[in-house]
Amino acid sequence: MGKSLDRRVSPEFMFRIIGLGLFVYLFFGFMLLPCLNTLTSIFNTTNAAGERDPLAVIRFFFAGNMGNYVWNSLKLAVCLVVTVNVVGVSIVLLTEYFDIRGARILRLGYMTTLIYSGVALVTGYLFLYAPDGILTSALVNAFPGMNKDWFTGFRAVLFTMTFACTSNHALFLRNAIRGIDYNTVEAARNMGAKPFKVLWKVVFPTLVPTMFSLTVMTFITGLCAMSAPTLLGYDSINPEIVRLAGSSVADEAFPQARAALLSIILAMFTIVLLTVLSSYERKGHYLSVSKTKARLRKQKIANPAANVLAHVYAYVLFVIYMIPVVMIVVFSFQTYSAIRMKKLDLSNWTLINYFGKEDYMYLTNRGKYKLREGSISGLFANDATLGGIKLSFVLSIIAAALACLIVVVACNYIFKNRDKKSGVILEYCLLFPWLLPTILICYSYRTYFNSDAVWYVGNVNLYYAQNVRLLIVMAYTVVKLPFSLRMIKASFYAIDEELEDAARNMGASPLTTFLRVKLPIILPSVLAVFALNFNALFTEYDMSATFASSYGTSYAMVIQSMCAEEGLYGYNVNASGRRCASTVFIMLVSGLILYLVYGVGARDLGERLEHRDKWRRRFDRLGAAFRKSGKEESA
């Protein structure tokens, strides 16, 4: 009796009970209840007489212009599936399958979208193609009859997102191409098949599962687009939801309920698509390959004309990818006048967009000059941008760490109870946010917790003042749970069960076994997921825009707002230059993290030991050279 009681009140048992209770509280309070509140709010609207009218919003949807936003998002999503797949498959084939000169340089150019995205990427394209952009201005000068407003609306969004959304192809489709068995390609060629027939009949069938997943994710990305439609003037669902969320009944008819309806429509599309994807994956797709897999060799294009066209196409894409990056970097070192005029002045370089402050004299409406002290300020000398960087950095660090911590503890429980329903239920609960668009989760938080009557959080208004930061952290964490689960769960399969049995036989408790045996094995993967989560959240705009507040202004929102008010009353005179510097800073941070994850972090133990020995030999040679020079000087 005493032993069983001690076992029940053991630290592991108490930890399990507390963890289970905390997870149930978080799931119902921060996943289920806010979304249910959004759903029910659609049917709680009242008419002009104050009477409850459950179908008012739905009638308004069919009678008003709300359907246009859904149609515009659907049109964008369908077109993106075509354009992104064409460009994405092209860049992977050009760098991984065909023998193209300069493939390594091309690959770096094609992967630039991995180091800047969202607002930073869209503003980079605006810098070139906007009505007063560099390339648009040059084209208008060359062709006076050209419409300088061509880069707006649907065409601009489609063009920008086509090249912005090939990141997944550059990562996942590239790995799928590299995993092809070259023996099957060689066998088809020996049977007389031409190169492009081999590509169509042998290579593409092996890529179907990856292509299907990428297609579904591209469709969802287009459907839930936020940054590009907002900045380029395209009426789609997400920007309209954010606009309605900040509106009131005095401005227009039941805006909150309309925003909720649009959010639910997005959720329905997302659920259907992810259900189709899961069903497709469960069927299984297999390819018969040889027992000894051969590494894929790049294929030469025998036809001279086709070879030339392939090279021209490859480098045209390279230029499209690289021009925004190069121009942003170059103009980040230019003065505000050169940036405003979009004219490169190679004789006048400056670091003011990064460091330091300068005064600015401007002419008022009354014809008098007025001085604004320090209104020309750099990225690291401007209080607003520094505040945005600090806030985004802290919130992203906390959310990325929380997501990893929750998932690591949950995965340990799931693997220990893999044959029980509790483990399956826990896994599906963590995947629940994937069924909903991000904007629905954030909008649900904003409406549900913007009240002093939410008993679930102690009747505290989490949207009020600095409390909104806690709300942002929770939204960041919840949104990143499914991705973290998929990645970290895979690392648990690498744990040898014999190690756990050995630790148990030596008398180690389950908690000690986890901390000293399992955690060191999965730690590299956990750190990689943490880095990727932080990278995505640090420059995040969509969720922050939903939580628009003076206490929750993120880095991306600061960049966007200061450019919208550039030069107004003599403030933020060099906002465009500071935005260029901010984009360069984002690219450096993202590039460093990607290098640590996919460069250093991707090395296995043997590669790490070899790398360490190489650097040790270099230091030994350097030390020997210093000792030799010291002896010669003393002699």
Side-chain angles (χ1 to χ4, degrees), residues 31-32 34-43 55 57-62 64-85 118 154 157-158 161-162 164-165 168 211-230 234-245 256-282 428 431-447 475 478-483 486 541-543 545-546:
M31 290 192 196
L32 203 56
C35 295
L36 290 176
N37 178 71
T38 299
L39 177 62
T40 56
S41 67
I42 298 174
F43 306 101
L55 301 179
V57 181
I58 297 177
R59 286 198 302 270
F60 188 93
F61 176 85
F62 288 104
N65 63 348
M66 288 179 64
N68 294 334
Y69 297 102
V70 178
W71 165 247
N72 288 343
S73 292
L74 283 173
K75 182 173 70 171
L76 176 63
V78 171
C79 292
L80 274 180
V81 165
V82 178
T83 58
V84 171
N85 276 329
F154 174 74
V157 174
L158 181 63
M161 293 191 67
T162 293
C165 296
N168 289 331
M211 285 296 301
F212 187 82
S213 300
L214 292 173
T215 297
V216 172
M217 298 312 296
T218 300
F219 190 91
I220 293 176
T221 301
L223 200 65
C224 302
M226 177 72 180
S227 301
T230 299
Y234 184 64
D235 295 330
S236 61
I237 295 179
N238 266 5
E240 179 65 5
I241 292 174
V242 173
R243 189 192 70 80
L244 290 172
Q256 309 298 323
R258 287 158 57 192
L261 179 60
L262 288 175
S263 301
I264 295 300
I265 290 173
L266 269 185
M268 291 170 59
F269 279 118
T270 306
I271 291 172
V272 170
L273 288 169
L274 290 178
T275 302
V276 172
L277 177 60
S278 300
S279 175
Y280 181 81
E281 287 180 337
R282 280 196 299 268
Y428 277 101
L431 292 174
F432 177 75
W434 243 354
L435 297 177
L436 307 174
T438 300
I439 195 71
L440 172 60
I441 296 173
C442 296
Y443 174 77
S444 299
Y445 279 18
R446 173 171 174 163
T447 55
V478 168
V479 167
K480 287 299 174 185
L481 285 177
F483 169 77
R486 290 290 295 263
Y541 174 79
D542 300 5
M543 288 187 276
T546 311

Output the distance between atom [atom1] ([X]) and atom [atom2] ([Y]), rounded to the nearest 0.5 Å.
| X | Y | atom1 | atom2 | answer |
| --- | --- | --- | --- | --- |
| Thr38 | Tyr443 | OG1 | OH | 6.5 Å |
| Tyr69 | Leu262 | OH | CG | 9.0 Å |
| Asn72 | Leu76 | CG | CG | 8.5 Å |
| Ile237 | Met66 | CD1 | CE | 9.0 Å |
| Met161 | Ser227 | CE | OG | 8.5 Å |
| Leu440 | Met268 | CG | CE | 12.0 Å |

Is the shortest heavy-atom distance from the side chain of [X] to the side chain of [Y] under 4.5 Å?
| X | Y | result |
| --- | --- | --- |
| Tyr445 | Thr546 | no |
| Asp235 | Asn68 | no |
| Leu74 | Phe219 | yes |

Which atom of [X] lies closest to which atom of [Y], heavy atoms considered:
| X | Y | answer |
| --- | --- | --- |
| Pro437 | Leu266 | CG-CB, 3.5 Å |
| Val70 | Phe269 | CG1-CE1, 4.2 Å |
| Cys165 | Thr221 | SG-CG2, 3.8 Å |
| Ala267 | Leu436 | CB-CD2, 4.0 Å |
| Ala225 | Pro239 | O-CD, 3.8 Å |
| Ile42 | Ile264 | CD1-CG1, 3.6 Å |

- Tyr541 (side chain) donor-acceptor with Met226 (main chain) under 3.5 angstrom: no

- Item | Donor-acceptor contact below 3.5 Å, side chain Asn238 vs main chain Cys224 | yes

- Task: Establish, from distance only, whether the side-chain atoms of Asn85 and Thr215 form a donor-acceptor pair under 3.5 Å.
- Result: yes

- Pair Phe61-Val57, side-chain contact (heavy atoms from CB on, under 4.5 Å): steps then yes or no: CA-CA 6 Å; Phe61 176 85; Val57 181; 5.7 Å; no

